[in-house]
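Everything below concerns the one structure shown next.
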Amino acid sequence: DFTRQLIDEMEEANRFGNAKAYKCALGALKNFNNKELLRFEEMSYTYLKRFETAHLKKGNSINGLSMYMRTFRAIYNKAIHRGIVSSDTYPFKKYKIKSEPTAKRAISKEKIRRILDLKLDSDSPLFNTRNYFLCSYLMNGISFIDMAFLKVGDIIDGRIQYRRQKTARYYDIKLTPQLSSILASYLIDKDKTAYIFPILKRKEIQDQFNDVQWERKRYNKRLKEIAILCEIEEHLTSYVSRHSMATN
């Protein structure tokens, strides 16, 4: 079907994050319909309201619903653009996608200091986790996937320059002395083509994205252990949960 075609195109273009979002949306539709295929004409305003009701009735969040609806809308827009369906049946003229603001709680410098001062040996399972978190914090909240793909060659004239995997937006971040001191041990004996952090284990791009997914799960689990050791569990969990590093 058309959505599967879009997923294949994204994977061929190495846009695995977007492909995963489309797969999740497709799975949600299949579960709701109890059938494999859905025609675009069936996705009416009434259909979307029924999907909304069923989603929220299960105790799911409005923002989770919003993610699905934005994906449905994107698929429908692509279908219209390619002449697969008429814009006359477009349901999002009437259906408005809902969202809720997320709580914004900053983590204080005092809490960051506790993480910095935590005594960890370099062979500790928590050592890299602590460094990943601090590097994310010091690099203005770089996402986990973008950090995984950073290369030594992205460090230019005392700055880190990269493009986001998700949006291709360009970032140029100054290397502070604190950030430089953390990165130093990861740069030893590496050429410009090497990845800075030991997150990616394999060479094929699909395998690398799987490496990121696996390491991110382990990162989130170990970060909770660090939060407990530093007695800042609530603060750190709140900070990470609203942060791109927890999801991308």
Side-chain angles (χ1 to χ4, degrees), residues 17 104-167 169-202 208-248:
K104 295 185 176 182
R105 294 183 60 184
I107 186 168
S108 68
K109 290 183 179 180
E110 187 271 331
K111 304 296 188 304
I112 293 294
R113 175 55 58 184
R114 291 192 197 181
I115 299 172
L116 274 168
D117 292 342
L118 185 64
K119 301 299 182 183
L120 294 172
D121 293 330
S122 59
D123 59 353
S124 166
L126 303 181
F127 182 79
N128 282 333
T129 299
R130 191 256 302 275
N131 287 346
Y132 296 162
F133 172 77
L134 292 174
C135 286
S136 170
Y137 179 81
L138 294 169
M139 285 191 276
N140 301 331
I142 184 173
S143 70
F144 194 84
I145 190 170
D146 290 328
M147 192 165 66
F149 279 94
L150 283 180
K151 293 185 176 182
V152 176
D154 293 326
I155 301 176
I156 303 170
D157 296 328
R159 308 185 74 87
I160 291 182
Q161 302 173 4
Y162 73 97
R163 291 189 181 276
R164 277 209 70 186
Q165 291 281 328
K166 187 175 182 179
T167 63
R169 180 179 176 183
Y170 177 76
Y171 286 83
D172 185 342
I173 301 170
K174 183 179 180 180
L175 273 176
T176 63
Q178 195 172 54
L179 179 57
S180 296
S181 67
I182 297 172
L183 293 178
S185 63
Y186 293 101
L187 301 177
I188 297 173
D189 296 329
K190 288 183 179 178
D191 61 31
K192 290 186 177 182
T193 64
Y195 295 109
I196 295 176
F197 300 104
I199 296 172
L200 306 179
K201 311 298 184 184
R202 294 171 286 182
Q208 289 180 333
F209 274 84
N210 290 336
D211 288 341
V212 171
Q213 295 293 327
W214 167 253
E215 189 63 30
R216 183 167 51 209
K217 289 179 181 178
R218 187 161 59 177
Y219 164 84
N220 285 332
K221 179 180 179 181
R222 289 177 175 173
L223 193 60
K224 291 179 181 179
E225 296 178 41
I226 289 176
I228 292 171
L229 290 174
C230 295
E231 298 181 349
I232 56 171
E233 185 174 9
E234 179 182 351
H235 300 84
L236 192 57
T237 300
S238 175
Y239 175 83
V240 173
S241 66
R242 68 179 178 84
H243 206 271
S244 59
M245 191 168 186
T247 56
N248 276 325

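If you take CG on L150 and CD1 on I160, they are separated by 6.0 Å, rounding to the nearest 0.5 Å. In this structure, the separation between CD1 on I155 and OG on S180 is 7.5 Å, given to the nearest 0.5 Å. Rounding to the nearest 0.5 Å gives a distance of 9.0 Å between CG of L229 and CD of E231. To the nearest 0.5 Å, atom CD of residue Q161 and atom CD1 of residue I173 are 10.0 Å apart. The distance from atom OG of S143 to atom CD of Q165, rounded to the nearest 0.5 Å, is 8.0 Å. Within the model, atoms CD of E110 and SG of C230 stand 10.0 Å from one another, a figure rounded to the nearest 0.5 Å.
Residues M139 and Y162 form no side-chain contact, since every pair of their non-hydrogen atoms from C-beta on lies 4.5 Å or further apart. Side-chain atoms of F149 and D154, non-hydrogen and from C-beta on, never get closer than 4.5 Å to each other. Inter-residue side-chain proximity for F209 and I145 is flagged as met; some heavy-atom pair is nearer than 4.5 Å. Between L134 and I112, the closest side-chain pair of non-hydrogen atoms falls below 4.5 Å.
Exactly one of R216, K217, E215 qualifies for a side-chain hydrogen bond (donor to acceptor under 3.5 Å, both in side chains) with Q213. That residue is R216. Put simply, the residue from K151, R163, R164 that forms a salt bridge (Lys or Arg N to Asp or Glu O under 4.0 Å) with D146 is R164.
Nearest approach of R222 to P125, heavy atoms of both residues: NH1-O, 3.1 Å. Pairing each heavy atom of S136 with each of I142, the nearest pair is OG-O, 3.2 Å. Annotation for L120 and L126: closest pair CD1-O, 3.8 Å, computed over non-hydrogen atoms. Summarising the geometry of K190 relative to I196, their closest heavy-atom pair is NZ-O, 2.6 Å, with the distance given to 0.1 Å. Among all heavy-atom pairs drawn from I232 and R114, the shortest one is CG2-NH1, 3.5 Å. The shortest non-hydrogen separation linking I226 to L118 is CG2-CD2, 4.1 Å.
For the 3.5 Å distance criterion, the side chains of Y186 and N128 qualify, holding a donor opposite an acceptor.
Between Y219 and F144, the ring planes are tilted. Angles from 30° to 60° get that label. The aromatic rings of Y132 and F197 sit perpendicular, their planes meeting at an angle over 60°, well past the 30° parallel limit.
Remark: K201 NZ is packed, more than 12 non-hydrogen atoms of other residues, nucleotides or ligands lying under 6.0 Å away. Shown here is R218, whose CZ atom has more than 12 heavy atoms of other residues, nucleotides or ligands within 6.0 Å. Within 6.0 Å of CG in D157 there are 12 or fewer heavy atoms belonging to other residues, nucleotides or ligands. Within 6.0 Å of CG in D189 there are 12 or fewer heavy atoms belonging to other residues, nucleotides or ligands.
Of the possible polar contacts, none joining the D121 side chain to the D123 backbone as a donor-acceptor pair under 3.5 Å is found. For the pair D191 (side chain) and A194 (backbone), a donor-acceptor distance under 3.5 Å is present. Between the N131 side chain and the I182 main chain, no donor and acceptor come within less than 3.5 Å of each other.
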- request: Assess whether side-chain contact (heavy atoms from CB on, under 4.5 Å) is satisfied between Q178 and L116, documenting all intermediate values.
  value: CA-CA 10 Å; Q178 195 172 54; L116 274 168; 3.2 Å; yes
